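Down below is the structure, laid out as structure tokens.
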Protein chains: 2
Amino acid sequence: MADKVTIADVARHAKVSRQTVSNVLNSPEVVREETRLRVQEAVQALGYRVSQAARQMRTGRSMLIASRIEPAQDDGINGFVFDRYLHGLTESAARAGYRVLLYTADDHDAELATFDDLLGVHEPDAFVLTSTDYGDPRTTRLLELGIPFVTFGRPWGVPPERRYPWVDVDGAAGTALATRYLLDAGHRRIGFLGWPGGSGVGDDRRAGWARALADAGAGPAEIAELDHRTDDGVPQGEAAAHALIDAGRPATALVCVSDSLALGALQAGRRIPVIGFDDTPVARAVGLTSVRQPITEVAASCVSILVRLLDGDARGRGAAGREREQNVGGRQDAGSGGSASPLREAPPEQVLHQPTLVRRQSA
Amino acid sequence: MADKVTIADVARHAKVSRQTVSNVLNSPEVVREETRLRVQEAVQALGYRVSQAARQMRTGRSMLIASRIEPAQDDGINGFVFDRYLHGLTESAARAGYRVLLYTADDHDAELATFDDLLGVHEPDAFVLTSTDYGDPRTTRLLELGIPFVTFGRPWGVPPERRYPWVDVDGAAGTALATRYLLDAGHRRIGFLGWPGGSGVGDDRRAGWARALADAGAGPAEIAELDHRTDDGVPQGEAAAHALIDAGRPATALVCVSDSLALGALQAGRRIPVIGFDDTPVARAVGLTSVRQPITEVAASCVSILVRLLDGDARGRGAAGREREQNVGGRQDAGSGGSASPLREAPPEQVLHQPTLVRRQSA
DNA sequence: TAGTCCGTGTTGAACGATCAAATGCTCGAA
DNA sequence: TTCGAGCATTTGATCGTTCAACACGGACTA
């Protein structure tokens, strides 16, 4: 139907110049109202759409946000959360005029290589990273390159002066919520099935449970007694539950760091209340009460942070090399030094969302 | 580090013209070996990468494959399969030099609108569609537009003369496999928990079970008696299982159209063998034997079909309007009419993959 | 010997948009 | 009357790549 319509076609149809059409699209305020309407009419009539390729060539902006899609893990738990996240990201990005570009990488090194590849070829405007861990090389690299990015997950163990924007869910608040719910139901000895220490996310979730117990008057010794650590997985959850329930002074209810462990605890057979984490399909399927992360909101926050960064950076990427390198330096200094630069960059944003408790039969 | 390196920089460094560099990259056979090596060295030395935007402008190819990401369904079953699929697609596409661009849409109409939007702005080279249903408007539209695409899912109920490329998994073979497995274990009365008629996928899976039973000597009446239909969901599965097990002549084993229904059947409490479909995390978690679709292979087939289409179509998109419309006509005729066109297009490819049975405790 | 072709490489133009600078115009102040 | 300021719009150049046409030397054909 529609042949390729260019900005020149629109200009001819509206009897103005190319540039005026461009202005109507990009900075309508400089165009007289009458002219603007005439041009908009022509755009409608011809079904004109900007060619992203041509625009990118001139402006250096691709309107693409790159995100890694994680290997579909066999436990499928993380996979589900990630799936929802990606969906939310795509939707929010679309609303802001951006699209999500996927890539994969098996490990951090491969991912660094992919950065170069993507930046050279498709030139995404920004990256979104997930599951950041201690001393993550990816954030360092992106900071060096001066590419805007945001992570889903706090920068565990990163020195505070090297700040970058992140969005996360308050895991401690989630487990605290679950624990208080069980306390209110009259339970005093509430066990925690968690991962081994050293995982930022896992330690955070354990801390929320411990804090809630302490607030309720439990002593450190009792808390340590109720704290059980194991790798993730259903059989591990079952074994751990047995250990806590069959102890000398047994736990009467369980808070778990993941739905996998919680499912194992349920299968242990004792009919004590169990609460999981992530509200996965497994939880819904077996009637497991679980802490739900507001993933859609997380994705929306990521996009809105990026959009703000990119708008501030509007002329950055397309500019000449010299200008760009200054830009990089400026970005890093803004964090560590704090010297007043001409155009003052807003500090990196951090957003922490609150989880909720989805109540089902298990508790 | 690296400022923007252009093809002209490489040309200068290798002391040749721009075009020669371009030739080394795109049709190395026309360049003398000595020159080629010199240019490749320069490319390495300068860290040159083609600018996709500039290339796209000239050639009309974006090296992007658009795929819709489905809303994260609350049952999470389909979500998991889709997640694995998307991962495989991204990986296979990357190997072929393509990237996956995501979009969302709430319904078919919205998706059609998104087609226009994407095609106008980012101009993906091809689309990948999933969960096609009866009389799907999307395939029709893409055929009209002449945009290459492939679907994961057979064209249920589409007249055979309007063919297009698809990749699918042989669901009937999967349920037949499961049924024969139970027959071999000595069971004669094997029930089927399926979806209501009218779903292509569901009917197909039921047919495989029925065929296996018939092959084992069961009569039509007995098969009808063992066939139970219900909407998807865990509670529905539990109820349906009760109905089949508590019948006058009870089923002694169950084959299910989905893991959700199978999980419900397991929860019905009778300890009879149950086999699910899709090998989701739920199945792994509860030890459910399930039919596994080779999703990675499906994704790889999709990409290889698309690549073949796009290579045949190499100069298509960038060409003038007239030429393009002829192209569209040619494509449609190739299916229905069969007139010999100058450059003979290969017929659309169809690939049917075979599923496997993952054995666990439940059967 | 002239003509043609092949292999190799070069040059100018084009893709469609935006940027930077120039233009025409009106208006009010010197 | 002239000049400058301010606004709305236009013009020319440019982004990085590939296409189309052509140049050049040598070998092969007529």
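From a predicted model like this one, the values you see are computed outputs, not experimental measurements.
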**Asked** Atom NZ of A/Lys4 and atom C1' of C/dA17: how far apart are they, to the nearest Å?
**Response** 12 Å
**Asked** Just checking, is any N or O donor in the side chain of A/Ser17 or A/Thr20 under 3.5 Å from an acceptor N or O on the other one?
**Response** yes
**Prompt:** Is a side-chain donor-acceptor pair under 3.5 Å present for B/Thr130 with B/Glu70?
**Reply:** yes
**Complete:** Closest of C/dT11, D/dT11, C/dA17 to the B/Ser17 side chain is C/dT11
**Message:** Is it the case that the side chains of A/Tyr164 and A/Gln350 hold a donor-acceptor pair, with the cut-off being a distance below 3.5 Å and no angle test?
**Reply:** no
**Message:** How many whole angstroms separate atom NZ of A/Lys15 from atom P of D/dT9?
**Reply:** 16 Å
**Request:** In whole angstrom, give the distance that lies between atom CZ of B/Arg58 and atom C1' of C/dC15.
**Result:** 6 Å
**Asked** Would you say the side-chain atoms of A/Asn26 pair up with the backbone N or O of A/Ser22, donor to acceptor, closer than 3.5 Å?
**Response** yes
**Fill in**
note: B/Gln19, atom CD; C/dG12, atom P; distance rounded to Å ~ 14 Å
**Prompt:** Is a side-chain N or O of B/Ser62 found less than 3.5 angstrom from the main chain of B/Glu123, in a donor-acceptor match?
**Reply:** yes
**Request:** In whole angstrom, give the distance that lies between atom CZ of A/Arg12 and atom P of D/dT10.
**Result:** 14 Å
**Asked** Rounded to whole angstrom units, what separation is found between the CZ atom of B/Arg18 and the C1' atom of D/dA21?
**Response** 14 Å
**Message:** Would you say A/Asn23 and A/Arg18 are linked by a side-chain donor-acceptor pair, where the criterion is simply a distance under 3.5 Å?
**Reply:** no
**Fill in**
Ordered by number, residues from residues 30-42 of chain B within less than 4.0 Å of DNA chain D (heavy atoms) are none
**Message:** Any N or O donor-acceptor pair under 3.5 Å from the base of C/dG16 to the side chain of A/Arg49?
**Reply:** no
**Item:** Separation of C/dG16 P from A/Leu46 CG (nearest whole Å)
**Value:** 14 Å
**Phosphate-side-chain proximity, B/Asn26 and D/dT18, N/O vs OP1/OP2 below 4.0 Å** = yes
**Message:** Would the distance check show the side chain of B/Ser27 and the main-chain N or O of B/Val30 forming a donor-acceptor pair, the cut-off being under 3.5 Å?
**Reply:** no
**Message:** Tell me the interatomic distance from B/Met57, atom CE, to D/dT18, atom P, rounded to whole angstroms.
**Reply:** 13 Å
**Asked** Is there a donor and acceptor pair, one atom on the side chain of B/Gln56 and one on the base of C/dC15, closer than 3.5 Å?
**Response** no
**Request:** Classify the nucleic acid contact of A/Thr20 as base, sugar-phosphate or nothing, counting any heavy atom under 4.0 Å across all strands shown.
**Result:** base
**Prompt:** Does C/dA17 have OP1 or OP2 sitting under 4.0 Å from an N or O in the side chain of A/Ser22?
**Reply:** no
**Request:** Examine C/dC15: is either OP1 or OP2 under 4.0 Å from a nitrogen or oxygen in the side chain of B/Thr59? Give yes or no.
**Result:** no
